[in-house]
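The structure appears right after this line, and notes come after that.
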Amino acid sequence: MPPDTLSFLIDECLHASLVEVANGMGHIAYHIEHLGLKGAPDWRLWKRALQDDSIFVTNNAQDFRKLSRKSEIHPGLVLILPLVRPEVQRQLFQVGLEYLAGRTNLINRVIEIDLHKEKVDIQEIELP
């Protein structure tokens with residue numbers, strides 16, 4: 001994997017087309033449904049992301065912030081906060097990936113992508 005390629009695991013609460021967005025920008029991405037994990041508990045999904053060294057992408061901010069806080073080290077978390085249609089999810093994820101351009105990892109980082117009116121707001125915090 002090239003040094004600036006990131007690996008993403010996308011939660012089932014987000015559209016599967018986000019995989020294509022990440023792949024189209026030179027990253028590797030998998031959707032929960034494609035891995036046979038649809039309906040799996042959050043802790044199991046988080047464990048899979050840790051095992052695969054993949055950044056977890058979700059809309060379920062509350063539960064996955066808690067899981068990230070419990071991990072001494074994790075590969076990163078991307079939160080697409082607003083509950084929006086798939087085409088808007090794709091746009092927000094693309095903006096988030098552009099923000100991450102050139103990054104080699106997101107260890108213990110949480111990227112929050114939000115939409116305020118028509119402006120995309122990205123915040124980066126460290127958890128735990």
Side-chain angles (χ1 to χ4, degrees):
M1 189 162 61
D4 59 348
T5 299
L6 299 172
S7 175
F8 296 94
L9 181 58
I10 300 169
D11 199 356
E12 66 184 297
C13 62
L14 296 172
H15 199 266
S17 63
L18 295 186
V19 169
E20 297 166 14
V21 174
N23 292 343
M25 295 182 75
H27 301 290
I28 298 169
Y30 301 95
H31 195 273
I32 291 302
E33 290 184 10
H34 300 153
L35 298 174
L37 294 169
K38 184 176 180 173
D42 292 343
W43 65 266
R44 185 166 174 217
L45 302 177
W46 184 249
K47 184 178 178 182
R48 177 66 183 257
L50 294 175
Q51 284 177 305
D52 294 350
D53 198 28
S54 293
I55 298 159
F56 198 76
V57 184
T58 186
N59 177 258
N60 184 351
Q62 183 176 349
D63 291 342
F64 283 93
R65 279 188 194 116
K66 286 179 187 176
L67 287 166
S68 70
R69 284 185 186 105
K70 291 179 182 180
S71 300
E72 185 175 321
I73 188 165
H74 63 81
L77 176 62
V78 173
L79 301 171
I80 298 177
L81 296 175
L83 186 57
V84 291
R85 296 181 320 274
E87 59 269 16
V88 180
Q89 290 178 20
R90 289 189 293 272
Q91 292 169 351
L92 293 174
F93 191 44
Q94 182 170 345
V95 171
L97 292 175
E98 290 168 359
Y99 171 83
L100 297 173
R103 300 282 285 271
T104 58
N105 68 65
L106 287 183
I107 294 174
N108 288 359
R109 309 301 291 176
V110 177
I111 307 298
E112 296 182 354
I113 306 168
D114 207 348
L115 188 61
H116 299 285
K117 297 192 182 191
E118 293 185 24
K119 183 179 179 275
V120 178
D121 180 40
I122 297 179
Q123 293 191 17
E124 183 172 345
I125 57 176
E126 187 170 353
L127 283 178

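Just so it is clear, the model here is predicted, and its values are computed rather than measured.
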Report summary line: Heavy-atom nearest pair, Pro75 first then Ala49, reads CG-O, 3.9 Å
Query raised in the report: Are the side chain of Asn108 and the backbone of Glu72 linked by a donor-acceptor contact shorter than 3.5 Å?
Result: yes
Query raised in the report: Would a distance-only check, ignoring hydrogens and angles, find a side-chain to backbone donor-acceptor pair under 3.5 Å from Asp11 to Val57?
Result: no
Query - Ion pair Glu12/Lys38, N-O distance below 4.0 Å - result: no
Report task. Please determine, by modelled atom types, if Asn60 and Asp42 share a side-chain donor-acceptor pair under 3.5 angstrom. Result -> yes
Query raised in the report: Heavy-atom distance under 4.5 Å between the side chains of Phe56 and Leu67, does that happen here?
Result: no
Requested in this report: Mind listing the closest non-hydrogen atom pair of Gln89 and Cys13 along with its distance?
Outcome: NE2-O, 4.3 Å
Requested in this report: Test side-chain contact (heavy atoms from CB on, under 4.5 Å) on Lys119 and Lys117 and set out the steps.
Outcome: CA-CA 6 Å; Lys119 183 179 179 275; Lys117 297 192 182 191; 5.9 Å; no
Requested in this report: Could you tell me whether a side-chain N or O of His74 sits under 3.5 Å from a main-chain N or O of Trp46, the two making a donor and an acceptor?
Outcome: no
Query raised in the report: side-chain contact (heavy atoms from CB on, under 4.5 Å) between Val84 and Asn59: does it pass, once the steps are laid out?
Result: CA-CA 10 Å; Val84 291; Asn59 177 258; over 6 Å; no
Report task. Please assess Val19 against Phe93 for the test side-chain contact (heavy atoms from CB on, under 4.5 Å), listing each intermediate value before the final yes or no. Result -> CA-CA 10 Å; Val19 169; Phe93 191 44; over 6 Å; no
Query raised in the report: Is a side-chain N or O of His15 found less than 3.5 angstrom from the main chain of Arg85, in a donor-acceptor match?
Result: no
Requested in this report: Of all the heavy-atom pairs spanning Leu6 and Arg103, show the shortest one and how long it is.
Outcome: CD2-O, 3.8 Å
Query raised in the report: Are Leu77 and Thr58 side-chain neighbours, meaning at least one heavy-atom pair lies under 4.5 Å?
Result: yes
Query raised in the report: Quick one: are Leu50 and Ser71 in side-chain contact, heavy atoms under 4.5 Å?
Result: yes
Requested in this report: Please answer whether the main-chain N or O of Ile107 pairs with a side-chain N or O of Asn105 as donor and acceptor at a distance below 3.5 Å.
Outcome: yes
Report task. Side-chain contact test, heavy atoms from C-beta onward, threshold under 4.5 Å: evaluate it for Val88 versus Pro82 and give yes or no. Result -> no
**Report entry** For the student: nearest non-hydrogen atoms of Ile10 and Ala29, plus distance
**Finding:** CD1-CB, 4.2 Å
Query raised in the report: If you look at every heavy atom in Gly96 and Ile113, which pair is closest and at what distance?
Result: CA-CD1, 3.7 Å
Requested in this report: Measure the CG-CG distance between Leu79 and Asp114 for me, rounded to the nearest 0.5 Å.
Outcome: 10.0 Å
Report task. Step through the shown structure and confirm whether more than 12 heavy atoms of other residues, nucleotides or ligands are within 6.0 Å of CD on Gln62. Result -> no
Requested in this report: Go through the steps to decide whether Ile80 and Leu18 satisfy the test side-chain contact (heavy atoms from CB on, under 4.5 Å), and finish with yes or no.
Outcome: CA-CA 11 Å; Ile80 298 177; Leu18 295 186; 4.1 Å; yes
